[in-house]
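First up is the structure itself, then whatever we jot down about it.
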Amino acid sequence: MELILSTLINGLSLGGIYAMIALGYTMVYGIAKMLNFAHGDIIMVGGYIIYIFMATNNPLLAIAMAVIGCIILGVVVEKVAYKPLRGASPLAVLITAIGVSYLLQSLAQIIFGSANKMVTVYDFGSVEIFGVPMQVSSLVTLGVTVVVMVALTLFIKYTRLGRAMIAVSEDKGAAQLMGINVNGIITITFAIGSALAALAGLFYLLKAPSISSTLGAMPGIKAFTAAVIGGIGSIPGAMLGGILLGVVECISYKITAIAPYTDAIEFSLLIIILLVRPTGFLGKKRREKV
């Protein structure tokens, strides 16, 4: 019972991180119809910003600067790399995104070196739940993730800006005719996704206080997998896919016989789900206009 509860909490916590990253993927795809494969590296940049500002011994300042820095970076990347490609082929955008990803990783390696940097943001300690010791950082991660997801869902559904995002995702041309600034909405979407990536970087450092230039590579791929499983373009789908992937990963790591094959199991899960439901759990089929 203790092992089950501990594994479940850790799985939900890790799944919350994947879901937060997946939200950035799914929002950008849903609104801009592009896959931003540099999104995972925004996590890495946020981690390094926290590493720099933790020299002040002020975790709140470090977190705030990470969020601000990632938002600025996300907006700059969108303006410089992606905006000129509006209307270009999806392949051109995809290659550009991969190029931006490698550029950010290379710059980080040049500036900070290839060795891992240790970053202790804050030690929350542990607490017992039903007699099972739990890391408070995992509970904090889970709680903040739930709050962020609920807030984002309410923002999209009930605010004027959120409804404008929905309109742009449905039909850019019609939205522009209605007076919506499509480019502005896409920029705001990148800013929100980058802020979520900064928070994901923080939670990763709480789980494993070490950072390198490739920190965001595998989490980014797994979060993209979570977004596809849940239904790319669907915010609730990103949440569902992230939680499912996190729980499966933690359960797999606890079973000695299959622990070395955890990544293969996760990606196999993606293949199986897409074979059964190509749009993901909560994805919707879109009719293309001819």
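This is a predicted model, so every value here is computed, not measured.
The CD1 atom of Ile71 sits 13.0 Å away from the OG1 atom of Thr187 when rounded to the nearest 0.5 Å. The line from CG of Leu23 to CD1 of Ile156 is 9.5 Å long, rounded to the nearest 0.5 Å. In this structure, CE in Met27 is found 4.5 Å from CE in Met165, a value given to the nearest 0.5 Å. Note that CE of Met54 and OG1 of Thr120 are 7.5 Å apart. Values are rounded to the nearest 0.5 Å. Rounded to the nearest 0.5 angstrom, Ile95 CD1 and Leu85 CG are separated by 10.5 Å. Note that CG of Asn10 is 11.5 Å distant from CD1 of Ile251, once rounded to the nearest 0.5 Å.
Residues satisfying the salt bridge (charged side-chain N to carboxylate O under 4.0 Å, His left out) criterion with Arg86, sequence neighbours excluded, are Glu78. In this structure Phe203 satisfies the ring-ring contact (aromatic ring centres under 6.0 Å, His included) test with no other residue, sequence neighbours excluded.
Lys33 contributes a side-chain N or O that, together with a main-chain N or O of Gly30, makes up a donor-acceptor pair within less than 3.5 Å. Ser101 places no side-chain N or O within donor-acceptor distance of the main-chain N or O of Ala97, the cut-off being under 3.5 Å. A donor-acceptor pair under 3.5 Å is formed between the side chain of Thr26 and the backbone N or O of Gly233.
In this structure, Ile271 belongs to a hydrophobic cluster whose other members, linked by side-chain heavy atoms under 4.5 Å apart, are Leu275.
The number of heavy atoms from other shown groups lying within 6.0 Å of OH (Tyr51) does not exceed 12. Other residues, nucleotides and ligands contribute at most 12 non-hydrogen atoms within 6.0 Å of the OH atom of Tyr102. Heavy atoms from other residues, nucleotides or ligands lying under 6.0 Å from NZ of Lys254 number 12 at most. Within 6.0 Å of the OH atom in Tyr261, the count of heavy atoms belonging to other residues, nucleotides or ligands does not exceed 12. Annotation: Lys207, atom NZ; neighbour count of heavy atoms from other residues, nucleotides and ligands within 6.0 Å is above 12. Other residues, nucleotides and ligands contribute only 12 or fewer heavy atoms inside 6.0 Å of the NZ atom of Lys157.
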Please step through side chain to side chain contact (heavy atoms under 4.5 Å, CB included) for the pair Ile52 and Phe112, ending with a clear verdict. CA-CA 10 Å; Ile52 292 170; Phe112 298 100; 3.7 Å; yes
Verdict with reasoning, Lys117 to Tyr48, per side chain to side chain contact (heavy atoms under 4.5 Å, CB included): CA-CA 9 Å; Lys117 307 291 185 183; Tyr48 273 119; 4.2 Å; yes
Where do Asp263 and Lys222 land on the side chain to side chain contact (heavy atoms under 4.5 Å, CB included) test, with the steps shown first? CA-CA 9 Å; Asp263 290 344; Lys222 289 185 177 180; 2.8 Å; yes
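Within the 4.5 Å cutoff, the side chain of Leu244 has heavy atoms near those of the Leu269 side chain. By the 4.5 Å heavy-atom criterion applied to side chains, Ile21 and Pro219 are counted as neighbours. Proximity of Leu161 to Ile185: side-chain heavy atoms (C-beta onward) are separated by under 4.5 Å at one or more points. No side-chain heavy atom of Ile186 sits less than 4.5 Å from a side-chain heavy atom of Tyr82. Under the 4.5 Å side-chain criterion, counting only non-hydrogen atoms from C-beta, Phe190 is in contact with Val28. A 4.5 Å side-chain heavy-atom check between Thr225 and Glu266 finds every atom pair outside the cut-off. Contact annotation: the side chain of Leu196 approaches that of Leu152 to within less than 4.5 Å [non-hydrogen atoms, C-beta and beyond]. Counting only heavy atoms from C-beta outward, the side chains of Val67 and Leu199 approach each other to under 4.5 Å.
Hydrophobic clustering (ILVMFWY, side-chain heavy atoms < 4.5 Å, transitive): Ile272 and Leu270 are in distinct clusters. Note: the hydrophobic cluster containing Leu5 also contains Val127 (ILVMFWY, side chain heavy atoms under 4.5 Å, direct or indirect links). A continuous path of hydrophobic side-chain contacts links Leu73 to Ile111 [ILVMFWY only; heavy atoms under 4.5 Å]. In the hydrophobic clustering of this structure, Val45 does not group with Leu107; members are Ile, Leu, Val, Met, Phe, Trp, Tyr whose side-chain heavy atoms approach within less than 4.5 Å, directly or through other members. Hydrophobic clustering, with ILVMFWY side chains joined whenever heavy atoms are under 4.5 angstrom apart, keeps Leu245 apart from Ile221.
Looking at every heavy atom in both residues, Ser114 comes nearest to Gln109 through CB-NE2, 3.5 Å. Between Lys172 and Ile31 the shortest heavy-atom distance is NZ-O, 3.0 Å. Heavy-atom minimum distance, Ser252 versus Ile258: O-CG1, 3.7 Å. The minimum heavy-atom distance linking Cys70 with Ser194 is given by the pair O-CB, 3.1 Å. Minimum heavy-atom separation, Pro260 to Ala257: CD-O, 4.1 Å. The two atoms that bring Gln105 and Ala217 nearest to each other are NE2-CB, 4.3 Å, heavy atoms only.
A side-chain contact (heavy atoms from CB on, under 4.5 Å) with Ser13 is found for exactly one of Ser137, Ser138, Cys250, namely Ser138.
Between His39 and Tyr25, the ring planes lie perpendicular to each other; the angle is over 60°, past the 30° to 60° tilted range. Ring orientation note: the planes of Tyr18 and Tyr204 are tilted relative to one another, at an angle of 30° to 60°.
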